[in-house]
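Below is one structure, written out as structure tokens; the observations come after it.
Lettering follows sequence order; numbering is per chain, from 1.
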2 protein chains.
Amino acid sequence: MNKPSVLDVARLAGVGTSTVSRVLNNQSNISAQSREKVLRAVEILGYTPNQDARSLRSGQTGAISVVLPLTGTHFYDTLLRHMHQVLSTQEYDLALFPVLGEQRIRRFREASALPYRADALVIASLDPERMYHGKPPFGKPIVLVDSFHRDYHSVCFDNLAAGQMAARHILKSGLPVVFVDVQENPGEFESPVFRDRREGLLQTLQQHHLEPVLTLKTTFQVEGGRAIAQDLYSLLNEKPHFIVAACDDIAVGLLRQLSEAGFQVGRDFLVCGFDDNPLARESALSTVQQPIAEVGEAAAKLLLRALQGELTHLALQTFHPRWQERSTTTFQH
Amino acid sequence: MNKPSVLDVARLAGVGTSTVSRVLNNQSNISAQSREKVLRAVEILGYTPNQDARSLRSGQTGAISVVLPLTGTHFYDTLLRHMHQVLSTQEYDLALFPVLGEQRIRRFREASALPYRADALVIASLDPERMYHGKPPFGKPIVLVDSFHRDYHSVCFDNLAAGQMAARHILKSGLPVVFVDVQENPGEFESPVFRDRREGLLQTLQQHHLEPVLTLKTTFQVEGGRAIAQDLYSLLNEKPHFIVAACDDIAVGLLRQLSEAGFQVGRDFLVCGFDDNPLARESALSTVQQPIAEVGEAAAKLLLRALQGELTHLALQTFHPRWQERSTTTFQH
DNA sequence: CTGTTAGCGCTTTCAA
DNA sequence: TTGAAAGCGCTAACAG
């Protein structure tokens, strides 16, 4: 037998279809009697509403799509958990759409793509301009997270301030600086995150007439840090340096490789990173912490307001980093 | 102005709505002339089809949902990338639904939940029986990945064989065994993965009249391994042991903490794990590798066949582990 | 408080 | 090869 429809339920309950609809949507003007009958019929038939029809009719899907570069990192995991926590208080389901490669980008430029079958869209860490060559094909609320564009609501980390913050701690040490930047994959978008960190860092250093004695680039994993450690050996043999890496993973790789090569943190070098991911915590790495949880929650709340049409002006929320002092930035005497 | 519909396109093109529909769906019986007119009208109006209406009418969504416990790990990242690679050759979009907490489980039991607005469902690492207290509320193809149930197509890792494989390498060493199992979070489901690894391991050891001299449990992160390392100090001071951990993270935590405490791998202890994640590679940990990529691809292909109705019988595919010999399971002489 | 009815936008017969 | 028209399952306006 076919899936039962509202009509089947209505017939069995001996009421009209609108009564069924009202009961199912918890509307108020319903007698206890009718409600009872409808619910019983629903139960008997094992009726479940067709969501496509519901969406077609009401124009609402109950879905919120999150487009993000990838899953599989602490950053997105944390971000999503916190967004999720806020959004699930309402009746919204969250669907994730990682942009795994160029192929998906092209697909996501089409208005018929799955992410746009939703009531609202979250775009995380991606520049809408570059991703879409213009505007996303989506006419409902959009919130940018970890990314900024003047045409959209945005919730951002202040990466410029993060860079400045690192610079200030470097300056306190009085040591010469080595900066290890992230090597962007050619063909992938340049990340504004690293651009801003770099800018804030170098800017503040310059204001104090300090420039890195050496700048290196490497991939943003632990292995990337390990790989370029040897380029520092001669420098560190000469005198201690402060090494600032553009992310924790690189910093940790550096820390480990240098330690294994006989250099001692706190004596031969100091090192710090950015992010405060679990690896940093584990390795006692001093770092500039990004308030991921706060940003996730703020974005979700913003979205909720946008969905309720309460957001008349373009919102821009910026969250400030926090310095996490651990053991890799103090001299051992 | 409102979003244009097929009717608007049809009017502008001077054709009927069915002609518009046929052009948009690349059907054959269309004159080049009509096609031309329709496409031009589509262009002018910026028309994009309403997917809800399309789904309602055709019963197809073009979506495949993946329900998984969490994102944010190498395992799921790898699995998804490979599934994605296969599925995107067809016109399917992949949507991810991490089950973040008990709240979501309840929601996902409802037939109206977002994951079920799809043409097929992938359930990763979750036992449908426990998750749904019965069957998922979904009448279309379902494929289980990293999980088995006799009522569904399944693509699995042979965790029993993985446990046996570890046992065989332990036996070769002739050392007494310490087994560090994963502590399941109370309230969460017991993972069949760890159950099978444990069973395969202990079973094979027993067949050779060997039993662990000590069994410990801890959480499955690196920190979990570190935390219980001290429980082994006296044992290792006495004589060397082979430590087998139920996953790489724990093994690495153990390896690191024991090394820092002055014990030497290859002399005071040997250690191996399961999974072969990046951390294992980085730490030169011997481990039982799970062929994640193959499983992901196999699952995707199975799904495609199921969608085409080619799958008449229940499929069960099992993939075998591979031993990754690195430096933590050989004695240094 | 309730039932009848008109579409939401599309695909797909059916007849031309 | 094409157009008219039916109807997928639902919600909401309207009339009672």
Side-chain N,O (B:Asn25) to OP1/OP2 (C:dT11) below 4.0 Å: yes
Sidechain-backbone polar pair: A:Lys140 side chain, A:Ala118 backbone, donor-acceptor under 3.5 Å: yes
B:Leu24 CG - C:dT12 C1' separation (whole Å): 15 Å
Residue A:Ser5, side-chain heavy atoms: nucleotide from D:dC10, C:dG9, C:dC1 that is nearest: D:dC10
Atom-pair distance (CG on A:Leu56; C1' on C:dG9), nearest Å: 6 Å
Side chain of B:Ser34 - closest among C:dC10, D:dT2, D:dC10: D:dT2
5' priority, DNA chain C, between B:Gln27 and B:Asp52 [closest heavy atom]: B:Asp52
B:Thr19 side chain, from C-beta outward: closest of D:dG3, D:dA12, C:dC10: D:dG3
By salt bridge (Lys or Arg N to Asp or Glu O under 4.0 Å) - contacts of A:Arg35 (at least two apart): none
Nucleotide D:dA5, atom P - distance to CG of B:Leu7 in whole Å: 13 Å
Among C:dG7, D:dT2, C:dT2, the one nearest A:Asn29 by side-chain distance: C:dT2
Separation of C:dC10 P from A:Asn50 CG (nearest whole Å): 17 Å
Secondary structure of DNA chain D in dot-bracket form (Watson-Crick or G-U wobble, distances below 3.5 Å, | marking inter-strand pairs): ||||||||||||||||
Rounded distance in Å - NZ (B:Lys3) to P (C:dG9): 9 Å
Any A:Asp77 side-chain heavy atom under 4.5 Å of A:Thr71 side chain: no
D:dT11 OP1/OP2 closer than 4.0 Å to side-chain N/O of A:Arg54: yes
Integer-rounded Å distance: C:dT11 P and B:Gln51 CD: 9 Å
Sugar-phosphate, base or nothing in reach of B:Ile30, heavy atoms under 4.0 Å: sugar-phosphate
Proximity to the side chain of B:Ala53 - top-ranked nucleotide from D:dG9, D:dT2, C:dG9: C:dG9
Donor/acceptor link under 3.5 angstrom from B:Arg22 side chain onto base of D:dG3: yes
Nearest listed nucleotide, side chain of A:Val15, among C:dG3, C:dT12, D:dT2: C:dG3
Length of the line joining A:Arg57:CZ and C:dT5:C1', which is rounded to integer Å: 11 Å
Polar contact flag, side-chain donor to acceptor under 3.5 angstrom, A:Asn159-A:Gln290: yes
Check: A:Tyr116/B:Thr48 side-chain N/O donor and acceptor closer than 3.5 Å: no
Length of the CD-P vector between B:Gln60 and C:dG9, whole Å: 22 Å
Donor-acceptor contact below 3.5 Å, side chain A:Ser65 vs main chain A:Pro115: yes
Close side-chain approach of A:Gln60 to A:Arg54, heavy-atom, < 4.5 Å: no
Of the listed nucleotides D:dG7, D:dA13, D:dT11, the one nearest the side chain of A:Ser18: D:dA13
Pairwise distance CD(B:Glu36) to OG(B:Ser31) - rounded to 0.5 angstrom: 10.0 Å
